[in-house]
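Since the structure comes first, as C-alpha cells, the remarks are kept for the end.
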Amino acid sequence: MTASNTHSTFPRLVVLSSFFQLLSAVCAFAAATPGTAVDLRCEHLTNPLGIDAVRPRFSWRLADDRRGARQTAYQILVGTDSLALSQGRGAQWNTGKVASDQCLVTYSGQALQPFTRYFWRVDTWDGKGVKAASGLAHAFETGMMSAKNWQGAWISDTRDVKLKPAPYFRKAFETAKKVKSARAYIAVAGLYELYLNGQKVGNHRLDPMYTRFDRRTLYVTYDVTAQVQQGKNAVGVLLGNGWYNHQSTAVWNFHEAPWRARPTFCLDLRITYEDGSVETITSGKDWKTALSPLVFNSIYTAEHYDARLEQPGWSTANFDDSKWGEVMYRAAPSEQIVAQALHPVRNVEPVKARSLKKLNDTTYVFDLGRNIAGVSLIRVKGPAGTVLRLKHGERLYANGHVDLSNIDVHYRPTDQSDPFQTDLVTLSGRDDTFMPRFNYKGFQYVEVTSPVPVALTESSLVGYFMHSDVPAVGRVQSSNPTMDKIWAATNASYLSNLFGYPTDCPQREKNGWTGDAHIAIETGLYSFDGITIYEKWLADHRDEQQPNGVLPSIIPTGGWGYEWGNGPDWTSTIALIPWNVYLFYGDTKLLADSYDNIKRYVDHIQELSPSGLTTWGLGDWVPVKSKSPVEFTSSAYYFTDVSILARAAKILGNEKDHAYYSALAQKIKAAVNAKYLNAETGLYGAGLQTELSVPLQWGLVPDGLKSRVAANLAKRVEADNNHLDVGLLGTKAILNALSENGYADVAYKIASQETFPSWGWWIVNGATSLYENWPIDAKSDISQNHIMFGEIGAWLYKAPGGIKPDPQQPGFKNVLLEPHFVAGLDQFEATHDGPYGTIRSAWKRSGREITYSVTVPPNSTATLQLPIASGQAVYEAGKPLKTTGPDGRVGAAGSAQRFGLQAGTYQFVIK
Ligand code: BGC
C-alpha cells in the first residue's frame with residue numbers, strides 16, 4: 001500500500017479534470033471557512049491505496065486559529081461517485097450530523113468492496129454551529145481484502161537457497177483497449193523491485209517490510225495507470241533475499257530460519273479499460289526467468305554486482321527472452337497475505353561526501369560527515385572485470401582506513417566471499433552506476449579499493465539516508481547548540497533504526513530488539529508520525545507470541561531470542577507500545593488489538609512469579625558503572641505492564657479485568673516496596689541512580705514518600721558529580737524522575753553535560769548519532785548508531801518544553817503543558833503536531849522575567865502548570881491572570897499555578 005502524495009497518480013487526469021475544476025471551487029470556498037476539516041487521513045495515511053481494513057479509521061483536524069475554536073458536530077460521507085459526493089449525494093455511508101467533538105471515527109457502513117476507490121468528505125460544525133464543508137479530493141482504495149481475490153500463482157526460479165545471483169522474471173502482454181486505470185498488487189517472500197516497460201515502479205525501497213514470513217506476508221499496491229500502455233507491454237520482477245533467504249551467517253542464526261527458502265512472489269496486474277471491462281495479468285507458468293547481474297545480495301552484509309552481466313531492456317516488451325528459463329510453482333509462504341499499510345522505506349535524503357581522501361592510487365576514503373543508515377551510490381569507469389570493494393564503516397583507523405571492528409563482532413563468515421558491509425562491484429568498462437537494491441548499512445565512511453588505479457572525485461559517490469519515511473511532527477530548538485545537536489543526533493539514530501520495524505542498530509545487527517524500542521517510543525512519537533510502523537510491528541508481536549504468552553527478545557525472529565533477553569524489561573513492548581500510541585493518537589485500536597496478548601504475557605509472568613517479584617530480564621544494560629538488581633528493574637516493568645493492562649481494561653470496558661489487574665498491580669507494588677524500599681530513609685536498594693529513578697518513573701513509590709525519594713535521587717546525582725550513572729533502563733527514567741518531582745534543574749544539569757559520561761560528551765567528540773556505550777573508546781558494545789539511550793529526545797519535549805499527553809483525554813485532546821524554565825537555558829521552543837494540530841510551547845528568559853508563548857490547537861484544550869516563584873505572577877496582555885471558573889477558560893483550576901486554556905495562541909509573562 002502506498003500514499004498517493006508520493007509517486008502515484010489518481011485516476012487519469014483527463015477523466016477527472018472537469019471534476020477537479022469543480023472540486024477546486026469547493027476547496028477554495030472551504031479553505032476560507034474557519035473550522036474546515038483538513039489533513040484528512042484514512043488509516044492514518046493520506047489517500048491510501050490498497051488497504052484491507054474492513055472498518056477503516058478516518059481522522060482530520062480543523063483549520064481554525066480562533067481562540068476557543070472547537071468542533072461541535074461532524075458528518076462523514078463515503079461513496080464511490082466523487083461528483084455526487086461533492087454535492088452531498090450518493091453516499092453509501094452517511095453518518096448524518098453527529099453532535100461530537102471527535103476527529104477520529106471508524107467506518108461502520110455497509111461492507112466495503114475490494115479493488116474499489118472510495119471518496120470521503122467530512123463536514124464540521126464549529127462552536128457557533130456554523131458548518132464548514134471539507135475539501136473533497138480525499139480517497140482511499142481497497143485492495144484484495146481477502147486472500148481469495150488473488151488470481152496469480154506463487155512462482156520462483158528454483159528451490160536452491162544457496163544459489164547466489166538474484167533472479168529476474170518477466171512477462172510480455174498486450175492490451176487491446178484503452179486503459180482507464182491499472183493497479184499492480186505484488187506479494188513477496190523476500191524483497192523485490194517491480195518494473196513496467198523498463199521503468200522501476202514507485203520509489204519504495206526494501207519492500208515488502210520484514211515480517212515473520214511463515215505467519216504473515218505483506219503485499220504492496222501501486223497505481224500503474226501511467227505506465228501501462230495500449231498495445232505491447234512487459235512486466236518485470238527482480239527478487240532479493242532480504243530476511244527470507246538469509247545467506248550470511250551470524251550469531252542469531254537467521255540462515256536457519258524455519259521459513260528460509262528461495263524468494264518467491266505472486267502478482268496481479270489489474271487493468272480496467274475505458275469500456276469498464278477488467279483484465280488481470282498474473283504471475284504464472286507463462287513467465288520466464290534468468291539470473292540477474294546482482295550476483296549476491298544480503299540484507300545483513302552487502303551486495304555484489306557484475307555490471308558485465310547487465311541485460312539492457314530486460315523488462316521491456318521487445319526484449320528477446322528466448323534464452324530465459326521456465327519458472328516453477330511454489331507454495332504460498334503463509335496463509336495471511338495482507339496489505340502493507342504503512343509509510344514505506346525510501347532513499348529519504350541524499351548525503352554528499354564532505355571530503356575524499358586518496359590514500360594511494362587504488363584506495364580512496366569518502367567521508368559523508370555524518371553517520372547514517374542507508375546505501376552509497378557510486379559512478380565509476382574502469383577496465384572491464386575490475387572488482388571494486390566498497391567497505392562501509394562508522395569509524396577510521398589512525399592510518400585513515402575504514403575500521404569495522406566495532407560492528408563486525410557478531411558476524412560469523414564461513415569464508416572470504418561475503419565481507420561485512422562491503423559491496424563488490426565488477427566494472428563493465430563503460431560508465432557504471434551502482435547502488436545496492438536489497439541491502440542497507442550503517443556508516444559514515446566508504447573506503448573504495450581497486451586492484452588497478454581508478455579515478456574518483458568527491459562527487460563519484462553519494463550516500464542515501466534510508467528509513468521508514470515517517471513524516472516529521474516535532475521540532476526542538478534551544479539556546480544551547482550542543483543540546484540542539486543531541487536532539488538532532490537522537491532523531492538520526494531513531495530514523496536509522498526504523499525500517500518497517502524498529503531496530504537496535506543499522507550495522508552490527510539490524511535486529512528488532514524489543515527493549516531498545518520501548519525506550520525510544522516517546523522520543524519517536526514526539527518527533528515522527530510513527531503509528532503505522534508500530535501497528536505493523538505489534539502485528540509482528542502477535543505472530544511471534546507463544547501460546548503461553550512468551551515473546552522473543554527480537555521481533556521478528558527466525559527463532560533466536562525465546563531463550564535469552566526476553567524478560568519484561570525488554571518485551572514489555574507488548575504493553576508499552578500500544579499504550580503510548582494510545583496516549584499520542586487517542587486511538588484505541590492498537591490497544592484493543594493487543595489486549596489479549598498483554599494479558600497472556602502478564603498471566604505468564606504471574607504464573608512464574610506468584611510473589612510479584614521476577615528475576616527474568618537483562619537489567620540495566622550497558623551501565624556507566626553501577627548495576628541495579630535485575631529483580632528490581634524487571635519487577636518494575638512487570639508492574640508497569642499490569643498497570644497498563646488494568647487501564648486498558650477500563651478503557652475497553654472490561655470492569656472485571658480492570659479490578660483483577662488493578663489488584664495485581666498493587667500486589668506487585670507492595671512486593672517491590674517491601675523488599676527494596678527503606679521507608680525510613682526513602683532509599684531503594686543501595687540508592688543508585690537507577691534504583692531511585694525507575695520507581696519514580698513507573699509509579700511504584702508510595703505517594704507520601706515521593707518527595708523523599710526524589711530528594712535522595714537529586715543528592716545521589718550531586719554525589720555523582722551531576723553525571724549519569726545509569727544503563728538503558730535508568731536512562732529512560734532518570735531525567736523524567738527528576739523533572740517530574742521538582743528537580744528539573746538537576747535533570748538539565750545531567751542532560752547538558754559535555755564531559756564523560758554524557759550525551760554531550762559524544763557530541764563534542766564529533767558524534768552525529770547516539771552511541772551504544774558511554775565511553776567512546778569502549779572495547780565492546782560500541783555501535784555508533786543505537787537509539788537505546790535516546791529518551792533525552794522525548795524529555796526535551798516533556799520538561800523544558802512541557803508538552804505531555806493527558807491520559808484522561810489522550811491524543812492531546814487535552815494537552816498537559818508543564819514547562820520548566822531550567823537554569824542554564826535562556827530560550828527554548830518545542831512544537832508537536834498532534835492529532836488536533838500544532839502544539840507550541842516556547843519561552844525566553846530576560847533577567848528574572850520569562851515570556852512564555854503557547855499554541856493550543858483547535859478543538860483541544862490545555863492544562864497549563866507554570867513554575868512561579870514566590871513574589872511572581874503571570875500576566876497576559878499586561879493583566880494578571882485571574883481565576884475565572886471551571887469552564888475551561890483561562891483561569892485557575894485548583895491551584896494558583898494551574899490554568900485551563902482553550903484552543904488558541906497565548907503569550908504570558910511571568911514576572
Ligand atoms: C543490542 C542491544 C540490545 C541488547 C540486548 C545488543 O546486542 O544491540 O541494543 O538491547 O543486545 O541485550
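One-based numbering, in listed order, for ligands and for the atoms of each. A quick note: this is a predicted structure, and the numbers were derived from the prediction, not measured.
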Within ligand 1, which atoms have a heavy atom of [X] less than 4.0 Å away?
X	result
Leu618	5 (C), 12 (O)
His786	1 (C), 2 (C), 8 (O), 9 (O)
Met788	9 (O)

Hey, what's the ring geometry for Trp243 with Tyr210, parallel, tilted or perpendicular (30° and 60° as the breaks)?
->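 Parallel: the ring planes of Trp243 and Tyr210 meet at under 30°.
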Ring geometry between Trp259 and Phe254 (parallel below 30°, tilted from 30 to 60°, perpendicular above 60°) =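 Plane angle between 30° and 60°, so tilted.
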For ligand 1, is any non-hydrogen atom under 4.0 Å from Glu772's backbone (N, CA, C, O), its side chain (CB onward), both, or neither?
->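 Side chain only.
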May I ask you to decide whether Asp543 forms a salt bridge with Arg216, counting only side-chain N to carboxylate O separations under 4.0 Å?
-> yes
So, is Trp564 polar-close to ligand 1, with some N/O to N/O distance under 3.5 Å?
->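 It does not: no N or O of Trp564 is found under 3.5 Å from an N or O of ligand 1.
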Please tell me if the side chains of Ile555 and Thr514 come closer than 4.5 Å, counting only heavy atoms from C-beta onward.
->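 Of all side-chain heavy-atom pairs linking Thr514 with Ile555, at least one is under 4.5 Å.
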What is the closest protein heavy atom to atom 6 (C) of ligand 1, and at what distance does it sit?
-> Glu509 OE2, 3.5 Å
Identify the protein heavy atom lying closest to atom 4 (C) of ligand 1, giving its residue, its atom name and the separation to 0.1 Å.
->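 Protein heavy atom with the smallest distance to atom 4 (C) of ligand 1: Trp621 NE1, 3.5 Å.
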Glu631 versus Tyr676, side-chain donor and acceptor atoms under 3.5 Å =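 Side chains of Tyr676 and Glu631: pair found under 3.5 Å.
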Any side-chain donor near an acceptor of the partner, Thr301 and Ser248, under 3.5 Å = yes
Where the closest heavy atom to atom 3 (C) of ligand 1 is concerned, which of Asp504, Asp516, Val251 has it?
-> Asp516
